[in-house]
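Structure first, then comments.
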Number of protein chains: 2
Amino acid sequence: MSRWEPNARGRLEQAALELYLEQGFDRTTVVEIAARAGLTERTFFRHFADKREVLFAGAGELRERLVGGVIDAPPSVPPMEAVAGALESLAQMFHARRDLVLPRHRVISANPELQERELIKMAGLAQALTDARRRRGVADPAARLSAEAAIAVFRVAFERWVSGPERADLASLVRSSLEELRGAVAAD
Amino acid sequence: MSRWEPNARGRLEQAALELYLEQGFDRTTVVEIAARAGLTERTFFRHFADKREVLFAGAGELRERLVGGVIDAPPSVPPMEAVAGALESLAQMFHARRDLVLPRHRVISANPELQERELIKMAGLAQALTDARRRRGVADPAARLSAEAAIAVFRVAFERWVSGPERADLASLVRSSLEELRGAVAAD
DNA sequence: CCCACCAGGGCAGTCACTGCCATCGGCGTA
DNA sequence: TACGCCGATGGCAGTGACTGCCCTGGTGGG
């Protein structure tokens, strides 16, 4: 039998989400989170850089999935189609974890500091997507711009998904948002 | 003669920018900033919500200019063209204040916390632009998406401007970035 | 001349975050 | 079996951002 309970990191993530939901982000102290996880404040900061980061542990996996979706697409698929496919792959991931994703989104949308962190994570996704598109042979300003546009599409679709009726499908919201963007951006 | 030197707020802004440039953002304390401005820490926090906000005092004016550019455009101008015009108006503003804009950008790009703040300010611009576009009769998901796209265009153009050769013109970089986006986003 | 009104100062307190050192089971190695 | 290193956690003191509360002293209107 080991000296400590396993999965300290996971316990911290769960405790934090619970407390942020119960009391709000800024009425929750790191000491409280650590205590609920059976740990100390010092240990919290060994696992997470700060009090916000504990809500963004899945960001790395998200990025891998997004980049993988673009890189692994067969070469016959046109670039923008590859991006659309990768976004839909993300959509499936979100749908599968809606029990985590939805409360987490409630917490974030209640707090500007958390929104800031969310935005920089999104920017990181856009950067990764830009690199992936470059490796698929897209030239530079276009790679960056379409990556940013893709992330915006996903964000808008996500918000429509969250605030809309229960039976909406995120993947098809992504599709239709992309079409909306194409229409809106075209020279009027 | 008044009890205090005038323009405390402006002095704080200048002192902060100088110190952030000299020592870096996180090696600078609020006490130092206030001291250089001939004030105290307590007064700093009466003018600015936090240590980052002091770099973003111009955000309100930026938003007004952007929104104004869209609202005031004659009705004959197609919506996306009005947005392009508003972005170019911002570009002129940036060019006129390049002596402030460029060092400020150096400070921000050296620090992730400041980048977070910058991103949420950009998101605020996108929100304001969305509202403005709605008032110009653009339907909802399209208004939001084209506003986000427009902000992305401006951001990319700005980075090209900053990192490119001295004689580049921001307004034309905005124009060409918008064209790039149109091409990249179109169904391939 | 008086007073309400600002803009700013002083001060103590909370909390996020860090550096440094201590602890002690597990596990490889002699 | 004994030794000793490693790795996850704890303890603790310190810094600095930010806040609430009260105080001060010119200024301008009545």
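Within every chain, numbering begins at 1; the chains are lettered A, B, ... in the order of the sequence lines, protein sequences first and strands thereafter. Just so it is clear, the structure is predicted and the values come from calculations on it, not from any experiment.
- If you chain together hydrophobic residues whose side chains sit under 4.5 Å apart, B:Leu100 and B:Phe94 never meet in one group.
- Regarding A:Arg52, its CZ atom lies at a distance of 17 Å from the P atom of C:dC15, rounded to whole Å.
- Comparing atom distances between the B:Trp4 side chain and each of C:dA16, C:dG8, D:dT9 picks out C:dG8 as nearest.
- Looking at residues 7-40 of chain A, you'll see A:Thr28, A:Thr29, A:Val30 sit with a heavy atom under 4.0 Å from some atom of DNA chain C.
- No side-chain donor-acceptor contact under 3.5 Å links A:Arg144 and A:Thr130.
- By the 30° and 60° cut-offs, the orientation of the rings of A:Trp161 relative to A:His95 is tilted.
- A:Leu19 and A:Phe48 fall within the same hydrophobic cluster, where Ile, Leu, Val, Met, Phe, Trp and Tyr residues are linked whenever their side-chain heavy atoms come under 4.5 Å apart, directly or through other members.
- For the residue pair B:Glu88 / B:Gln92, no side-chain donor-acceptor distance below 3.5 Å is found, with atom types taken as modelled.
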Short N/O separations, protein against nucleotides 3-5 of chain C, under 3.5 angstrom:
none

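- Rounded to a whole Å, the CD atom of B:Glu5 is 14 Å from the C1' atom of D:dG26.
- The side chain of A:Thr43 lies closest to D:dT9, out of D:dG26, D:dT9, D:dC18.
- Nearest to the side chain of B:Arg3, among D:dC22, C:dA16, D:dG26, sits D:dG26.
- The heavy-atom pair separating B:Ser177 from B:Val153 by the smallest distance is CB-CG1, 3.9 Å.
- Taking atom CZ of B:Phe45 as the reference point, atom P of D:dG16 lies 13 Å away to the nearest angstrom.
- For A:Asp131 and A:Gln127, the side-chain atoms include at least one donor-acceptor pair closer than 3.5 Å.
- With distances taken from any side-chain atom of B:Arg46 to the nucleotides C:dT18, D:dA17, D:dC22, the minimum falls on D:dC22.
- Separation of atoms NZ (B:Lys121) and CZ (B:Arg52) is listed at 11.0 Å; rounding is to 0.5 Å.
- Atoms CG (A:Asp50) and C1' (C:dC15) sit 14 Å apart, rounded to a whole Å.
- Taking atom CD of B:Glu41 as the reference point, atom P of C:dG8 lies 15 Å away to the nearest angstrom.
- Checking C:dA16, C:dC20, C:dC11 against every side-chain atom of A:Arg42, the shortest atom distance belongs to C:dC20.
- A:Leu12 and A:Trp4 fall into different hydrophobic clusters, where Ile, Leu, Val, Met, Phe, Trp and Tyr side chains are chained together by heavy-atom contacts under 4.5 Å.
- Note on A:His47: a side-chain N or O is less than 4.0 Å away from OP1 or OP2 of D:dT9.
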